[in-house]
Undergrad: 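There's a structure below that I have some questions on.
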Amino acid sequence: MALAPDLSIATLDVDPVTYEVIRHRLMAIVAQQSAVLKNVSGSPLVTEANDCNTGLYLPDGQIAAMGPHIVFHSGSMELVVSHIIADCASNPGINDGDVFITNDPYKGALHLPDVTMLEPVIHDGVRVGWVGSCCHVLDIGGMTPSSWCPDATESYQEGLILPPTKLVEGGTIRSDVWRLILSASRLPANLGLDLKAMIAANHHAKHGLLRLIERYGVETVTSVMHTMLDTSETAARKRIQALPDGVFRARNYFDHDGRENSLTRIAVELTKQNDELVFDYAGSSPQMPGIYNCTRSGLLGGVFASVLPVIAPDIPWNSGIMRAIKVRAPEGTVVNAKHPAPCGAATVGGSYMVKNVAHAVVSALAGTDDATRGEGMAGTTGSIPVFHLGGRNQYGEGFGGAVTEALAGGGGATAGANGIDYAGPHEILSYQITNVEGDEATFPLLWLRREVNTDSGGAGRQHGGTSLSAAFTVHDVDFVHGVLMCHSLSMPSTSGLHGGLPGSTHRVSVSRGTNVADALATGTGCTGITALSGEVTDYAGTPGELLLHPGDVLDWSFHGGGGWGDALDADPAGVLADVRTGRISTAAAERYYGVVITDDALDTAGTQAARERQRAQRRAWPRTRTADLPAVVADASRRLVGDRLVVTEAVDETSVLGCTCGELLSSASENWKEFACRSPLSADDLGAKVRLHPELLAEGFACPGCGSLLAVEVRWHRDEPLHDLQIG
C-alpha cells in the first residue's frame with residue numbers, strides 16, 4: 001500500500017489540560033526510549049557517559065521532543081530524516097515496520113561511530129512522524145581500533161560508511177545487511193547490542209506514540225506536536241526580540257590540524273536583528289587534512305547546543321527554537337567540510353569548536369540585557385581528549401572503551417557565580433564519568449590518582465570551575481593499545497568573558513619504563529610521573545596511537561572553565577576560601593587576583609596595595625588611538641554590555657562605549673579595543689597552567705580610567721584584534 005509521505009493537519013484547538021497531558025506524555029516517551037537504549041546497549045560510552053540521544057520527530061524531521069543526553073545529536077537529526085526521505089522514499093520505500101540506519105556524516109550523522117536509526121510512525125497508512133535514536137558505538141571498522149583514525153586523510157579510511165539503509169523491513173531484520181555491518185567491526189558483539197538497543201528503543205517509542213494516538217486521536221496528538229514547536233518558536237522570538245540589535249564576533253583555533261601542530265581558525269559573526277539570529281562562519285579556515293573537520297550536520301549541532309542553554313533555558317527544546325536561527329558557512333571550510341574530507345573527530349573537533357564560538361557570542365548577546373545576563377557563561381570544557389583503549393583485558397577477553405574522566409573539564413563562570421567544578425561539556429545534559437573502581441574493573445589499568453587540578457579555572461571576578469587531574473598505569477596485561485585524540489594542548493580553548501582569563505590547557509604526558517611497580521610494592525606514595533623514574537614525553541599536539549606497557553604511566557589534566565570579569569574585582573574572602581579548598585594556589589591568588597594570603601589568613605592591606613599596583617600597571621599600558629567623543633546625555637540610561645563595558649547615548653544621538661567608571665572609549669560602531677590601554681600577555685599572564693602555540697599571541701585590553709581589565713584575546717599572529725561587538 002502506498003503511504004502518504006507526510007501529514008498536513010490543520011492545528012486543532014486543544015484545551016490546555018489535554019495539551020499539557022499529551023506534551024508531558026511525549027516527553028516521557030522519549031525519556032523511556034533513552035532508558036531502553038541504555039539498558040540494552042553494549043557500549044560503556046552509552047551506559048556510562050550517555051554518548052547517545054533519542055527523540056520524536058515530525059514527518060519532515062523537525063524535533064518535537066528530544067532526549068536528555070547529547071544535544072549535538074538532536075541538532076543534526078533533521079538532516080538525517082531529510083536524507084532518508086530523499087534516498088529511500090522511492091526505492092526501497094518507507095513502510096510500516098521499516099527501520100533505517102545511517103552513520104554517514106555527509107548524510108546527517110556527526111561521524112562514523114555515531115550510528116543513527118530512525119523508524120517511521122505510521123497510522124492508517126499515513127506517516128505521522130518518526131522515532132529515532134543514536135549512540136556512539138565502540139568500533140565500526142576503519143584503519144584503527146575504535147574507529148578513531150588519526151592518520152585518515154579521507155572519510156573512506158575511517159570505517160564502514162552506511163548511507164541511509166533499510167536494516168529492518170516490515171518488522172524483520174535484514175540478515176544480509178546485519179552481517180555486513182557486524183563484519184566491519186572488531187567488536188561485533190558490542191556493536192550488535194548497540195544496534196538491538198536502538199531498534200528496541202525506537203520500537204518502544206513508536207508504540208508509545210501509537211497508544212497515545214489511539215487514546216486521543218491522531219489529529220489531537222499531531223496538533224499538539226506542531227503546537228509545541230510553534231509555542232517554542234514564539235517564546236524564542238520574543239526572547240530574542242527583547243535583546244538589542246547588534247553584531248557579535250568570536251574566534252577560536254585548533255592548534256593541531258590532525259596531521260601537524262598548525263593553526264586553523266574557527267570564526268563566527270552573530271547578527272541579531274529583530275527576532276532572528278544569524279550565525280555566519282565565513283571567516284573560518286579551509287577544511288583540514290586531518291580528522292577534526294565537521295560537516296553541516298556538526299555545524300548545526302554545535303549551534304543548536306550553544307543557543308539552547310543561553311537563549312532558551314526555560315523554553316521546551318525542539319526545532320521551533322531553531323526556526324528563529326539561520327546558520328551559514330561556505331562548503332569546504334573546517335566547519336562545513338566537502339566530501340570526502342575526514343571528520344572522524346568531528347564531535348570533539350569541528351562541532352565542538354563551532355559550539356565554543358557560538359556560545360561565546362550568544363553569551364555576549366545575553367550579557368547586554370539584565371533579564372538574560374545571568375544565562376551567559378564563559379567557556380566550558382573547551383575541548384575533550386578522547387582516549388580509547390582496546391586489546392585483551394585482565395580477564396583475557398577482547399575489550400574496547402574510552403576513559404570517561406576526560407569529560408571532567410571545568411564549567412564557565414557566570415555574572416553571578418563561579419564556574420562549576422568538573423562540570424563537563426554543557427551539550428551533554430546528563431554528563432557523568434565512571435568512578436575509579438568501575439574503570440579498574442573494566443580496563444586493565446590502575447589509577448595512581450584522580451584529584452582537583454589546582455589553578456585550572458580561569459581567573460575572574462567569578463572564576464572558572466576546576467577540572468580533573470589523573471594518572472594511571474597498565475595493570476595485569478602485557479600491553480594496552482590506545483588512540484589519544486586531543487587538540488588544545490598548546491592553547492586555551494576555554495575562553496574567558498569580559499576580562500576573565502581562559503581556563504587551563506590540556507596536558508598529556510607519558511613516562512615510559514618507570515619504577516611504578518616497585519614504588520607501589522614498597523608503599524611509596526607515587527601519584528604521578530614526577531615521583532617516578534622514566535623517560536617522559538610531554539605532548540604539544542595529538543599523541544595519536546599509543547602502546548602502553550607495564551611500567552608506563554599516563555599523566556593528564558583537562559581544561560578548566562573560563563573566568564568572568566576582572567579578577568581584581570573578585571571577593572578576597574572568596575579567593576581565600578578557594579585557596580583553602582585547593583582550587584587556587586596561594587601564588588596564583590596573589591598574581592591573578594591580587595589577593596595576599598599570609599599564614600592562611602587574608603592580608604587586607606597587602607591585597608589593597610597589590611590590586612592598586614596591578615591597576616596602575618594597566619593604566620600605563622600604551623593606547624593605539626584616542627577618540628574625540630561627544631558628551632553623553634546627563635540623564636541617559638546606560639546599558640551594561642559586559643561586566644564593565646557600557647553603551648551610553650551621546651548628545652548628538654549616537655551611542656558611545658565606555659567603562660562603568662565613566663571613562664569613554666569609542667563610538668559604539670568602532671572597535672573599542674583600539675582605544676583601550678593594551679599590552680601583550682605571556683602564557684603565564686593568562687594562567688598558571690596555560691600554554692601558547694608559537695603562532696599565537698595574547699593581548700589584554702584595560703580601561704584607561706580605572707585600570708579594569710575589559711577583555712583578554714588570544715589570536716593568530718596574522719589576525720587583527722577582534723571587533724567583538726557592535727551594538728545597534
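Quick note: residue numbers are just sequence positions, from 1.
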Undergrad: Determine whether the side chains of Ser488 and Ser493 contain a donor N or O and an acceptor N or O closer than 3.5 Å.
TA: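 Per modelled atom types, Ser488 and Ser493 side chains form a pair under 3.5 Å.
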Undergrad: Which heavy atom of Ala329 sits nearest a heavy atom of Leu299, and at what distance?
TA: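 So the two residues come closest at CB-CD2, 3.7 Å.
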Undergrad: Can a salt bridge be assigned to the pair Arg618 and Asp566 using a cut-off of 4.0 Å between side-chain N and carboxylate O?
TA: yes
Undergrad: May I have the step-by-step check of salt bridge (charged side-chain N to carboxylate O under 4.0 Å, His left out) for Asp724 and Arg249, ending in yes or no?
TA: CA-CA 5 Å; Asp724 55 355; Arg249 301 179 182 91; over 6 Å; no
Undergrad: Give a yes or no on whether a salt bridge exists between Arg623 and Glu674, defined as a side-chain N under 4.0 angstrom from a carboxylate O.
TA: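 Looking at Glu674 together with Arg623, the answer is no, because their closest N to O distance does not fall below 4.0 Å.
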Undergrad: Hey, does the side chain of His359 reach the backbone of Met377 with a donor-acceptor pair shorter than 3.5 angstrom?
TA: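 A pair under 3.5 Å: yes.
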Undergrad: So which heavy atom on Val354 is nearest to which on Tyr281, and how close?
TA: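 The pair with the smallest heavy-atom distance is O-OH, 3.1 Å.
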Undergrad: State whether Glu612 and Arg619 are salt-bridged, where the test is any N-O pair (Lys NZ or Arg NE/NH1/NH2 against Asp/Glu carboxylate O) under 4.0 Å.
TA: yes
Undergrad: Please determine whether a side-chain nitrogen of the Lys or Arg among Asp684 and Arg691 lies less than 4.0 Å from a carboxylate oxygen of the Asp or Glu.
TA: no
Undergrad: Could you check whether Arg461 pairs with Asp571 (Lys NZ or Arg NE/NH1/NH2 to Asp/Glu carboxylate O, under 4.0 Å)?
TA: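 Judged by the 4.0 Å cut-off on N to carboxylate O distance, Arg461 and Asp571 do not form a salt bridge.
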Undergrad: Step by step, work out the salt bridge (charged side-chain N to carboxylate O under 4.0 Å, His left out) result for Asp439 and Arg450.
TA: CA-CA 12 Å; Asp439 275 338; Arg450 182 187 279 180; 3.4 Å; yes
Undergrad: Determine, for Glu713 against Lys673, whether the closest basic-nitrogen to carboxylate-oxygen distance falls under 4.0 angstrom.
TA: yes
Undergrad: Counting the benzene-type ring for Trp, do His693 and Trp716 have ring centres under 6.0 Å apart?
TA: no
Undergrad: Would you call Asp569-Arg611 a salt bridge at under 4.0 Å N-O?
TA: no
Undergrad: Going by atom types alone, do Ser262 and Asp257 pair a side-chain donor with an acceptor below 3.5 Å?
TA: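 Present: a donor and an acceptor within the cut-off.
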Undergrad: Give me the atom names and distance for the closest heavy-atom approach of Ala366 to Val310.
TA: CB-CG1, 3.7 Å
Undergrad: Thr466 pairs by side chain to side chain donor-acceptor pair (under 3.5 Å) with which of Asn418, Asp455, Asp421?
TA: Asp421
Undergrad: Got a donor-acceptor contact below 3.5 angstrom from the Ser509 side chain to the Asp538 backbone?
TA: no
Undergrad: Check each of Glu720, Glu699, Glu695 against Arg715 using the side chain to side chain donor-acceptor pair (under 3.5 Å) test, and report the only one that passes.
TA: Glu699
Undergrad: Tell me the closest heavy-atom pair linking Ser533 and Ser511, and the distance in Å.
TA: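 Closest approach of Ser533 to Ser511: O-OG, 3.6 Å.
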Undergrad: Measure from the ring center of His506 to the ring center of His487 and say whether it is less than 6.0 Å.
TA: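 When the ring centroids of His506 and His487 are compared, they turn out to be at least 6.0 Å apart.
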Undergrad: Please say which of Lys689, Arg507, Arg583 ends up in a side chain to side chain donor-acceptor pair (under 3.5 Å) with Asn453.
TA: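 Answer to the side chain to side chain donor-acceptor pair (under 3.5 Å) test with Asn453 among Lys689, Arg507, Arg583: Lys689.
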Undergrad: Any salt bridge between Arg512 and Glu535, counting N to O under 4.0 Å?
TA: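 No, Arg512 and Glu535 are not salt-bridged.
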